Every structure is written in C-alpha cells, then in structure tokens.
Undergrad: 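My questions all concern the structure below.
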2 protein chains.
Amino acid sequence: MTDGVAERSRPRDRILETAQDMFHKHGIKGVGVDAITEAAGTNKMTLYRHFESKDELIVECLRATAAKASRIWDEVEAKHPGDKLAQLHAWVQKASELLSADSRGCDMANAAVELTETDHPARRVIKELKEAQREKLVALCRDAGIGQAELLADTLSLLLEGARVSMQSVGAEGPSAQFVRMAESLIASFRAR
Amino acid sequence: MTDGVAERSRPRDRILETAQDMFHKHGIKGVGVDAITEAAGTNKMTLYRHFESKDELIVECLRATAAKASRIWDEVEAKHPGDKLAQLHAWVQKASELLSADSRGCDMANAAVELTETDHPARRVIKELKEAQREKLVALCRDAGIGQAELLADTLSLLLEGARVSMQSVGAEGPSAQFVRMAESLIASFRAR
DNA sequence: CTAGGGTGTTACCGGTCTGTAACTTCCAGC
DNA sequence: GCTGGAAGTTACAGACCGGTAACACCCTAG
C-alpha cells in the first residue's frame with residue numbers, strides 16, 4: 001500500500017523539503033528541529049544522521065531553494081530562445097508572478113535578517129548565491145543590448161528585493177503592487193539612453 | 001557621584017533603549033529578556049513591572065525607533081525650508097547616509113521578517129508606521145511638483161527597502177552602493193515627464 | 001523619622017531548544 | 001531465511017526561554 005505523496009521518498013529528502021517549507025513560512029528561528037522531523041514523518045535521530053547540525057540543514061535548505069529559483073532562468077530562456085530582450089521582460093513577468101503567489105519574500109534575504117552572527121555558515125552561502133543571481137541578471141541585461149547593464153540589473157534587483165520585503169511589512173496592496181510597472185518603465189528608460 | 005552616561009536615566013528608559021539596540025543588532029528572536037535587562041543594568045522583574053510581556057516591549061521599541069526615524073523629516077524640512085524639491089534630494093542623501101552608517105537595515109522590515117505569526121501585535125504597528133512613512137514621502141513628492149507622486153514615492157521606497165535588505169545579504173559593496181545614483185536618475189526622469 | 005513606592009535579588013515554574021545514547025524494528029540484498 | 005544497515009523509539013542532558021513569587025533594600029516625600 002502506497003502511503004501519502006511525500007511518504008515514499010527517503011527521509012533525508014523529506015526532511016530537506018519540509019525544512020525548506022517550514023523555514024520559509026515561519027522563519028528559521030521560528031522552527032525547531034523537532035517540529036521539522038515530525039512534519040516530515042520521521043524523527044530527530046534520523047535528521048542528525050543526515051545533517052550534522054541545524055546550521056548545516058539551514059545551509060542545505062538555502063542551496064536547495066536557490067537551485068529551485070535558478071530554474072526560472074531556464075524557463076525564461078526556453079520561452080524566448082535567443083531573444084534576450086524578451087527574456088528580460090519575461091523575467092520581470094515571472095518575478096511579479098512569484099511575488100503574487102507568495103508573501104514571505106526571499107528565503108536568503110530573510111535568512112540574512114535572522115542570522116545575525118557574522119560567522120554563521122549560512123552567511124557565506126547567502127552572499128555566494130545572491131552574487132550568482134546578480135551576475136545572471138547582469139549578463140541578461142548586457143546581452144539584451146542595454147548600455148549600463150550593471151546599473152539596470154542592480155536597480156531591478158533592489159526593486160525586487162524591496163518588493164519582497166515590503167510585502168511582508170505592508171502587504172501585497174502596498175508599493176510592491178506596482179513592481180511590473182516600475183520595472184518596465186525602468187527598462188524602457190535604459191533602452192532609450 | 002554621577003555614574004556612566006545611561007546609568008542615571010530611569011530603568012524603563014534604559015530598558016527601552018537597550019532593547020532597541022539589541023533587537024536591531026541581533027534580531028528580536030536572537031535576544032532574550034535576561035540579556036536585555038543585564039545590558040541595561042537592571043533585572044527581569046523591573047522589566048516586567050514596566051512592560052507586560054516581551055511582545056509589548058517589542059511594540060514599544062518599534063514605536064520608539066519609528067519616532068527617531070521620523071525626526072529626519074524635520075531635519076530635511078529645516079535644511080531647505082519651503083523648497084520641497086531640495087527636501088526630496090536631501091531625503092535621498094540622508095537615506096544614503098543612514099545606509100552607509102549601519103548595515104542591519106530597517107528594524108520594522110526586519111521585525112516583519114522575524115515575526116511570522118499573522119496576529120502578532122507588532123504586525124499592526126509595523127504596517128501602521130510603514131504606511132505613515134509612505135504617506136510622508138508621497139506628500140513630499142507631490143509638493144515637489146512631481147506628476148506621478150505616488151509612483152515615484154513607491155519606487156523610491158522599494159529601492160531603499162531593497163538596498164537595506166541587500167546590504168544584509170551581500171554587503172555594502174553590492175547593488176545598494178548605487179542607491180543615490182538610482183534614486184537621483186529616477187527623480188530626474190519623473191521630473192521630465 | 002517614618003512610610004511607601006520603585007528597585008534589586010534570588011529562586012523558581014513549565015516549557016522549548018539543540019543534540020546524544022541506547023535500544024528496537026524494519027526491510028532490502030544476498 | 002539471514003544479515004546488515006537504515007530508520008524509528010524513548011529517554012535524557014544541559015542550556016535557555018518568558019514569566020512570576022517572595023522578600024530585602026533604598027531613597028525620597030511628607
């Protein structure tokens with residue numbers, strides 16, 4: 001007899017997936033390992049056989065979510081193969097959809113807010129992954145023929161980051177509701193330069 | 001004999017000030033009430049005589065920091081009395097200075113990230129205070145003769161919010177370093193419309 | 001001098017946290 | 001069918017959490 005959906009996968013995978021979800025929803029410090037293992041249908045000992053500490057689990061979760069997020073680049077590429085400018089617009093569209101679908105923002109940014117210890121292992125990973133994302137966006141802008149590609153990419157980054165954190169403070173009806181309009185007119189003004 | 005600087009103020013004030021500082025530096029969930037009272041040179045009982053719970057202390061801290069932040073509006077007004085456009089530029093300048101001076105971002109946004117319970121008393125306060133700040137910026141843009149004042153204000157808000165959270169992820173040398181340039185060219189393009 | 005309120009001290013409550021030890025159970029591969 | 005390793009179970013350690021009770025103290029207003 002096959003149990004529920006996630007029940008058939010291996011404990012390590014269930015733990016990782018459940019932890020991602022719970023960290024995302026309730027924050028890292030708002031979730032204990034007991035709650036994670038229980039929700040994952042396993043137990044604490046099994047968690048500590050696969051991850052040497054909660055901190056390592058956190059790092060692994062961040063890597064996993066970043067890997068998931070990086071798939072949107074493939075989607076954008078697949079949607080408009082070769083047409084970099086169309087891909088940039090698609091990126092804006094996709095970002096806006098993700099904004100609407102979820103109001104808890106970016107896991108990495110949220111983790112950076114929560115984990116204040118400067119030597120926390122997650123901080124290296126966060127910086128690393130965020131820089132990789134930035135480089136992808138810069139490349140996209142450059143390949144789309146934008147003159148000041150770095151500046152546009154950085155501005156779009158800040159807008160999106162701001163939208164994600166603003167949603168958590170004032171909700172989806174606040175400034176973040178105008179994200180697409182802002183991003184599009186920004187791209188237009190950079191193209192006109 | 002007069003003791004140290006803060007030692008002569010009343011316990012309640014010291015607790016409030018110390019809590020603000022520690023919440024800001026280490027996050028709300030990263031600081032216990034014991035640590036606060038010890039750093040404030042008092043004890044837990046005294047804290048609970050003045051605040052009925054840690055949650056109430058959090059709310060009071062947020063109100064206090066918002067009150068502090070609202071003083072920059074007075075400074076901006078005092079610097080360029082009557083000249084609303086100059087005040088807008090001064091606001092950008094001031095925001096940038098605060099960015100450079102501190103890398104832990106906005107206490108209210110950080111609190112919203114940490115306090116995920118939808119019915120947490122702090123969430124009302126955060127929304128309330130953030131909306132008040134937004135209205136001030138909208139008014140400044142409008143009075144400075146900007147056509148789409150709301151849109152400019154919201155865009156500037158997201159840029160600043162994004163810069164503050166980005167600093168915590170990738171540091172001060174990341175996209176947030178370009179905040180002034182972004183904000184200024186944004187204002188310029190809105191003025192040209 | 002005295003009364004009383006604000007403050008400090010100590011100890012404690014029940015709960016939760018990360019992490020571990022020792023043991024049992026299950027199940028797949030041989 | 002047996003065996004070996006992965007997974008589950010229970011209990012626990014030690015620290016910390018928010019919050020409270022009881023009591024001693026001090027300092028100031030009358």
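Just so we're clear, the structure is a prediction, and the values are computed from it rather than from any experiment. Residue numbers start from 1 in every chain, and the chains themselves are labelled A, B, ... in the order their sequence lines are given, proteins ahead of strands.
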Undergrad: If I take atom OG from residue Ser96(B) and atom CH2 from residue Trp91(B), how far apart are they, to the nearest 0.5 angstrom?
TA: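 Spacing of OG (Ser96(B)) from CH2 (Trp91(B)) equals 11.0 Å.
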Undergrad: Rounding to a whole Å, what distance do you find between Arg14(A):CZ and dA6(D):P?
TA: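 Rounded to the whole Å, the gap is 16 Å.
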Undergrad: Using a 4.0 Å cut-off on heavy atoms, which residues in residues 24-36 of chain B reach DNA chain C? List them by number, or say none.
TA: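 Residues of residues 24-36 of chain B under 4.0 Å from DNA chain C: none.
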Undergrad: Starting from P on dG6(C), measure out to CD1 on Ile15(B) and report it in whole angstrom.
TA: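 Rounded to whole Å, this separation is 14 Å.
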Undergrad: Tell me: CZ of Arg12(B) to P of dG5(C), nearest whole Å?
TA: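 Result: 20 Å.
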Undergrad: Counting only non-hydrogen atoms, which of residues 111-122 of chain A are less than 4.0 Å from DNA chain D?
TA: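 Contacting residues: none.
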Undergrad: Scan nucleotides 20-30 of chain C nucleotide by nucleotide, 5' to 3', and note B when protein non-hydrogen atoms come under 4.0 Å of the base, S if they reach only the sugar-phosphate, - if neither.
TA: BBB--------
Undergrad: How large an angle, rounded to 10°, do the end axes of the helix from dC1(C)-dG30(D) to dC30(C)-dG1(D) enclose when each is built from five base pairs?
TA: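 Between the first-five-pair axis and the last-five-pair axis there is 10°.
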Undergrad: Is there a side-chain contact between Arg164(A) and Asn110(A) (heavy atoms, below 4.5 Å)?
TA: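 Heavy-atom side-chain distance check fails, nothing below 4.5 Å.
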Undergrad: Can you tell me how far apart CD (Gln87(B)) and CD (Gln93(B)) are? Round to the nearest 0.5 Å.
TA: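 Output value for this atom pair is 15.0 Å.
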Undergrad: Given dG6(C), is OP1 or OP2 found less than 4.0 Å from the side-chain N or O atoms of His50(B)?
TA: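 Negative; the distance criterion is not met.
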Undergrad: A side-chain contact here means heavy atoms from C-beta on lying under 4.5 Å apart; do Leu186(B) and Thr155(B) qualify?
TA: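 Leu186(B) reaches Thr155(B) side chain to side chain.
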Undergrad: Using side-chain heavy atoms (C-beta onward) and a distance below 4.5 Å, is Ser166(B) in contact with Pro175(B)?
TA: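 They are in side-chain contact.
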Undergrad: Round to the nearest Å and state the distance from Asn43(B) atom CG to dC12(C) atom C1'.
TA: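 Between C1' of dC12(C) and CG of Asn43(B): 15 Å.
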Undergrad: Under 3.5 Å, sequence neighbours excluded: what are the donor-acceptor pairs made by side chains of residues 29-38 of chain B?
TA:
| from | atom 1 | to | atom 2 | distance (Å) |
| --- | --- | --- | --- | --- |
| Lys29(B) | NZ | Glu114(B) | O | 3.4 |
| Thr37(B) | OG1 | Val33(B) | O | 3.2 |
| Thr37(B) | OG1 | Asp34(B) | O | 2.9 |

Undergrad: Any non-hydrogen side-chain atom of Ser185(B) less than 4.5 Å from a side-chain atom of Arg193(A)?
TA: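 Yes, side chains in contact.
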Undergrad: Under 4.0 Å between a Lys/Arg side-chain N and an Asp/Glu carboxylate O for Arg71(A) and Glu77(A)?
TA: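 Salt bridge between Arg71(A) and Glu77(A), a charged N being under 4.0 Å from a carboxylate O: no.
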Undergrad: Flag the pair Lys25(A) and Asp21(A) as a salt bridge only when some basic side-chain nitrogen lies within less than 4.0 angstrom of an acidic carboxylate oxygen.
TA: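 Salt bridge: yes.
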Undergrad: Any chance you could measure Met182(A), atom CE, to Leu156(A), atom CG, to the nearest 0.5 Å?
TA: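 Rounded to the nearest 0.5 Å, the CE-CG separation comes out at 12.0 Å.
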Undergrad: At under 4.0 Å, does any side-chain N or O of Thr46(B) touch on OP1 or OP2 of dT7(C)?
TA: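 Indeed not, no polar side-chain atom of Thr46(B) lies that close.
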Undergrad: Does a donor on one side chain sit under 3.5 Å from an acceptor on the other, for Asn43(B) and Thr46(B)?
TA: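 Note: Asn43(B) and Thr46(B) side chains meet the donor-acceptor criterion.
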Undergrad: Please report, rounded to the nearest Å, how far the C1' atom of dC17(D) is from the CG atom of Leu47(B).
TA: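 Answer to the nearest Å: 14 Å.
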Undergrad: Which nucleotide sits closest to the side chain of Thr42(A): dG8(D), dG19(D), dT18(C)?
TA: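 For the Thr42(A) side chain, the nearest candidate turns out to be dG8(D).
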Undergrad: Can you give the donor-acceptor pairs under 3.5 Å from side chains of residues 126-134 of chain B to other protein atoms, not counting sequence neighbours?
TA:
| from | atom 1 | to | atom 2 | distance (Å) |
| --- | --- | --- | --- | --- |
| Glu128(B) | OE2 | Arg63(B) | NH1 | 3.4 |
| Lys130(B) | NZ | Glu161(B) | OE1 | 3.1 |
| Lys130(B) | NZ | Glu161(B) | OE2 | 3.1 |
| Arg134(B) | NE | Asp154(B) | OD1 | 2.7 |
| Arg134(B) | NH2 | Asp154(B) | OD1 | 3.4 |
| Arg134(B) | NH2 | Asp154(B) | OD2 | 3.1 |

Undergrad: Work out which heavy atom in Leu99(A) is nearest to a heavy atom in Ser176(A); give both atom names and the distance.
TA: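 Nearest pair, atom of Leu99(A) first, then Ser176(A): CD1-O, 4.4 Å.
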Undergrad: On a heavy-atom basis, which atom in Phe23(B) and which in Ile28(B) lie closest, and how many Å separate them?
TA: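 Smallest interatomic distance, heavy atoms only, reads CD2-CA, 3.7 Å.
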Undergrad: Round to a whole Å and report the spacing from CZ of Phe51(B) to P of dG6(C).
TA: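 Atom-to-atom, Phe51(B) to dG6(C), this comes out as 15 Å.
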Undergrad: Quick one: Glu38(A) CD to dT16(C) C1', roughly how many Å, whole number?
TA: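 One finds 14 Å between C1' of dT16(C) and CD of Glu38(A), rounded.
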